[in-house]
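Reminder, nothing fancy here: chain letters follow the sequence lines and each chain counts from 1. It should be emphasised that the depicted structure is a prediction, and the values quoted were computed from it without experimental measurement.
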Amino acid sequence: MTVPYDPEVIEKSARDQWDSARVFEVDEDPGKDKFYCLTMFPYPSGKLHMGHVRVFTISDVIARFHRMQGKHVLQPMGWDAFGMPAENAAIQRGIPPAQWTYKNIDDMREQLKRLGYAYDWSREITTCRPEYYRWEQWLFTRMFDKGLVYKKNAVVNWDPVDQTVLANEQVIDGRGWRSDALVERREIPQWFMKITAYADELLAELDNMPGWPESVKTMQRNWIGRSEGVELAFEVEGRHPPLTVYTTRPDTLFGVTYMAVAAEHPLAAKAAEGDPAIAAFIEDCRKTGAAEATLETMEKKGMPLGISAIHPLTGEEIPLWVANFVLMSYGTGAVMAVPGHDARDWEFAKKHGLPIRQVIAPADGSRIDIDNSVFVDKGVLVNSGEYDGMDYQTAFNAIADHFEQIGSGRRTVNYRLRDWGVSRQRYWGAPIPIIYCDTCGAVPVPADQLPVVLPEDVEFTGVGSPLKDMPEFYETDCPTCSAPARRETDTFDTFVESSWYFARYACPDADDVMLDERARYWMPVDQYTGGVEHAILHLLYSRFFQRVMRDEGLTERAEPFTNLLTQGMVLKDGAKMSKAKGNTVDPQALIEQYGADTVRLFMMFAAPPEQALEWSDDGVQGSFRFLRRFWTAVHAHLDAGPAGELDLATLNAAQKELRRKTHQTIEKISDDIGRRHAFNTAVAAAMELLNAINKLGDATELDRAVVRESLSAVVLMLSPIVPHICDALWKALGHSEPLIDQQWPLVDRDALQQDMIELVVQVNGKLRGRISAAVDADNDSIVEQALADPNVRRFIDGKTIRKTIVVPGRLVNVVV
RNA sequence: GCCCGGGUGGCGGAAUUGGUAGACGCUGCGGACUUAAAAUCCGCUGGCCGCAAGGCCGUGCCGGUUCGAGUCCGGCCCUGGGCACCA
């Protein structure tokens, strides 16, 4: 009998061979066509989960495929090592976050190696190491010098019991996750990066990124949210300064029936002085989390302030309200309300009995009842004095011109995008390199004093950051005047580390510069793969950082990722696999049971990469059985005897058919993997070909020659997905050069030729028959043949043929 | 609430540019092999009608465009992701 399929043995053998020959370690070689293949690096949470296995396998298949296409492939791996889970683990287990993190990294690295990924481990990056984060500290100080960072107050979730800032995730139903206290909004000073300075460029360049999914580009466009509108001032009665508001719909200005300000607005505070009810309302508004989803879904509440603004065109008195849905931190903290033509304003007006006025009529002349339903479309102005009858654009220009002429307004471009707040009141992150001096203010740490090292040996209690209790950390001297000064104890948002790691893989050991000339060789990333959940924040921050690095002269490229693949989640029983739901499947156990190839194959076969993947134990079984069938097929073929010469001139019909199937399959799988990233259909095509191979059999030397060609092609084409078994089978087929150095198989065009093809015949679009026609048959003879088909005749006899449609190579449709 | 996806047999999915709906695999059922079981191999497997040939219905729901719609358009339902301090 043949050799049994023993994954453990063959997988170790393949790994040892790759390791000892260091086949995945690459240097810069300008003579070669580089291909930089990257996945979003993992957070070292403890153990590998199925989501990791999925994304890493997708990327590995792409990397190995391009290697076989002759590309000089770099595929690195590293660790996004700062973050909250390490602090939580420290609280629960009393282990310092650093120790917990490093242990997890060691465990997960071993698991990754067992999966046979083609990583260049010599470039491994760990973001919590000072030699890594020193360079983002350095870049921050450069941005400081250029005015790209600044400090301002920003809203956080405040837990009044634990006296600590909470992440949005730590706010459950409006309460602190540990204290259960009602969370409040609080403003504290924080550092910001001016991503808005790049808003136009980040938006415009999306049009030149064909390698990104449309959905991701659309999300980013909407997130940046460029709008053109008018900023205009409303005078306020009494001795108050005017209120400035921004609107994209100046055409609806005559429909303003009230205005609303944020709870934190000075006008609200003024009104509260004389009215305890308003003061109580303002106090109440603060008792909510800061997340936008919370603010947008909560009940819209408001109170009149007893102050009026003056309508700038009609002179009417407009009542001022304080409302919980207006935020001080966005825009001017005040909005004008047009209930007739804005859904939120309409609902608020209905609830509080405020007047609703129609000032826009539908362009098609139809009538609407503004008291029954809001009308938000653009149309023609009515009830708007001299502007009546104008369309949106005419009115926009006329009103904008008016305000610009009288000097109480101007056209502006507004962005929804806000600057990036990078301060975190946490311990386990990269220290923000700023020193506060009583005389010199905030001073960036000079380059020769970087990195500001985070002390790793700490007592971590969970109440506040230990850095705030470590004088040996925060006590220092001012770099400018040498007076005693205090270090910033806030750390960076962990998105800062992940916004530039991709470039650092090019030169992870550079110790006197952030990026060196090697980054010019490897950047940009040719293929980036990761979860859709990163479609906006991580990917936008990375595009921003790449531009900051470009403007610093570190790289020429503006865009970091040429092609983007966003992969779906791994589900079990319809829900995302998670510890909380208790529906996880441990990859390690499966690898031990079936081997890495089976797990890799199942991941690639069960669903296309962008879609959610439903876990199935039976499906994994099936993948294992396929690999065993594959193994047996090759060995049975070898046992059947030597293969003869592949003499194409003497092939019989069945042999020709297998060759055609083989080369059709090479064509299909090349396209499926290389262009479509449809790994599931690539595997299906390989399975089909193997079925066809088994059907032909190994009876004669010529059969065996044809089968040998087909089997070799299957081994080569499946090798990116299941590299270990293919390595062993390649050797078994008698090849002396290792599979890892082989080129992708080529299509033999001659083998694809066929004389006859099958066409479908439809009558009125319904399938009624099939005909076999010569490839080069003309339309008339095809129609003639179609009309002669007995079953087709049943449906056309006695009827008039109005039209016949021939779709070449596919079908004939007879319309009767 | 706002932005972006998804919905096809018992299940995962296929149908790539508007052209044969259900490839490939799983499950299930039947058979071969076996003392038996496992493993393996062969056959069938969307629903309804029919001995068969074949017919009718069918891609979340309602409507439209077209010779032809899973695919395009309008409206709705359900569901997943994101919403700036989870990563």
Exam field: side chain A:E87 to backbone A:W428, donor-acceptor pair closer than 3.5 Å: yes
Base partner of B:rC61, which must satisfy Watson-Crick or wobble distances under 3.5 Å: B:rG75
Complement of B:rC83, any strand, by Watson-Crick or G-U distances under 3.5 angstrom: B:rG1
B:rG9: syn or anti, per glycosidic angle within 90° of 0: syn
Criterion salt bridge (Lys or Arg N to Asp or Glu O under 4.0 Å) on A:R424 and A:D493, from CA distance to verdict: CA-CA 6 Å; A:R424 296 293 179 269; A:D493 177 4; 3.0 Å; yes
Residue of the set A:W79, A:W500, A:F41 for which ring pair (Phe, Tyr, Trp, His ring centres under 6.0 Å) holds with A:Y132: A:W500
Parallel, tilted or perpendicular: ring planes of A:H534 versus A:H538, cut at 30 and 60 degrees: perpendicular
Heavy atoms from other residues, nucleotides or ligands near NZ of A:K300 exceed 12 (cutoff 6.0 Å): yes
A:E299 and A:K351 ion-paired at < 4.0 Å: yes
Spacing of A:E610 atom CD relative to B:rG81 atom C1', expressed in whole Å: 15 Å
Within-4.5 Å side-chain heavy-atom neighbours: A:D342 and A:R344: yes
Whether A:F82 and A:Y133 hold their rings parallel, tilted or perpendicular, with breakpoints at 30° and 60°: tilted
Phosphate OP1/OP2 of B:rC56 contacted by A:R768 side-chain N/O (<4.0 Å): yes
Sugar-phosphate, base or nothing in reach of A:A291, heavy atoms under 4.0 Å: sugar-phosphate
Donor-acceptor pair (no angle test) under 3.5 Å: A:R802 side chain, B:rC67 base: no
Interatomic distance, A:L787 CG vs B:rC67 P [rounded to whole Å]: 19 Å
Touch class at under 4.0 angstrom, heavy-atom based, for A:M569 against every strand present: sugar-phosphate
Side-chain donor or acceptor of A:N764 paired with backbone N/O of A:V816 under 3.5 Å: yes
Span that lies between the P atom of B:rC26 and that of B:rU40, in whole angstrom: 10 Å
P gap between B:rA15 and B:rA21, integer Å: 16 Å
Rounded interatomic separation in angstrom, taking CD from A:E87 and P from B:rC85: 16 Å
Sugar-phosphate, base or nothing in reach of A:H534, heavy atoms under 4.0 Å: base
Sugar-phosphate only, base, or nothing, as touched by A:Q170 at under 4.0 Å among non-hydrogen atoms: nothing
A:R416, CZ atom: more than 12 neighbouring heavy atoms under 6.0 Å: yes
Nucleotide forming a Watson-Crick or wobble pair with B:rC24, both distances under 3.5 Å: B:rG12
Nearest-angstrom distance, P atom, B:rU16 to B:rG28: 31 Å
Euclidean distance for P, B:rU8 against B:rC61 (whole angstrom): 10 Å
Sugar-phosphate only, base, or nothing, as touched by A:V165 at under 4.0 Å among non-hydrogen atoms: base
Separation of the C1' atoms in B:rG82 and B:rA87, to the nearest angstrom: 13 Å
Touch class at under 4.0 angstrom, heavy-atom based, for A:F602 against every strand present: nothing
Sugar-phosphate only, base, or nothing, as touched by A:E347 at under 4.0 Å among non-hydrogen atoms: nothing
Span that lies between the P atom of B:rU59 and that of B:rC83, in whole angstrom: 36 Å
Whole-Å P distance, B:rC44 and B:rC78: 42 Å
Polar side chain donor-acceptor pair, A:Q220 to A:R543, under 3.5 angstrom: yes
Given B:rG55, B:rC67, B:rC86, the nucleotide with the shortest approach to the side chain of A:M84: B:rC86
From CA spacing to verdict: salt bridge (Lys or Arg N to Asp or Glu O under 4.0 Å), A:R186, A:D159: CA-CA 9 Å; A:R186 172 176 282 210; A:D159 186 322; over 6 Å; no
Separation between the P atoms of B:rG74 and B:rG18, rounded to whole Å: 16 Å
Under 4.0 Å protein heavy-atom contact, by nucleotide of nucleotides 1-32 of chain B - B base, S sugar-phosphate only: B-SSS------BSSSB--BB--BBSSS-----
Distance in angstrom units between A:I801 CD1 and B:rG68 C1', rounded: 17 Å
Sugar-phosphate, base or nothing in reach of A:F325, heavy atoms under 4.0 Å: nothing
Base paired to B:rC56 (Watson-Crick or G-U; both N/O distances under 3.5 angstrom): B:rG47
Close approaches to RNA chain B from residues 43-58 of chain A, in residue order (heavy atom, under 4.0 Å): A:Y43
Test item: A:W631 and A:R629 side chains (from C-beta on) under 4.5 Å apart, heavy atoms: no
Touch class at under 4.0 angstrom, heavy-atom based, for A:R221 against every strand present: nothing
Collect all protein-nucleotide pairs involving nucleotides 57-60 of chain B in which both atoms are nitrogen or oxygen and the distance is under 3.5 Å.
from, atom 1, to, atom 2, distance (Å)
B:rC57, OP2, A:K766, NZ, 2.9

Side chain A:E610, main chain A:T566, donor-acceptor under 3.5 Å: no
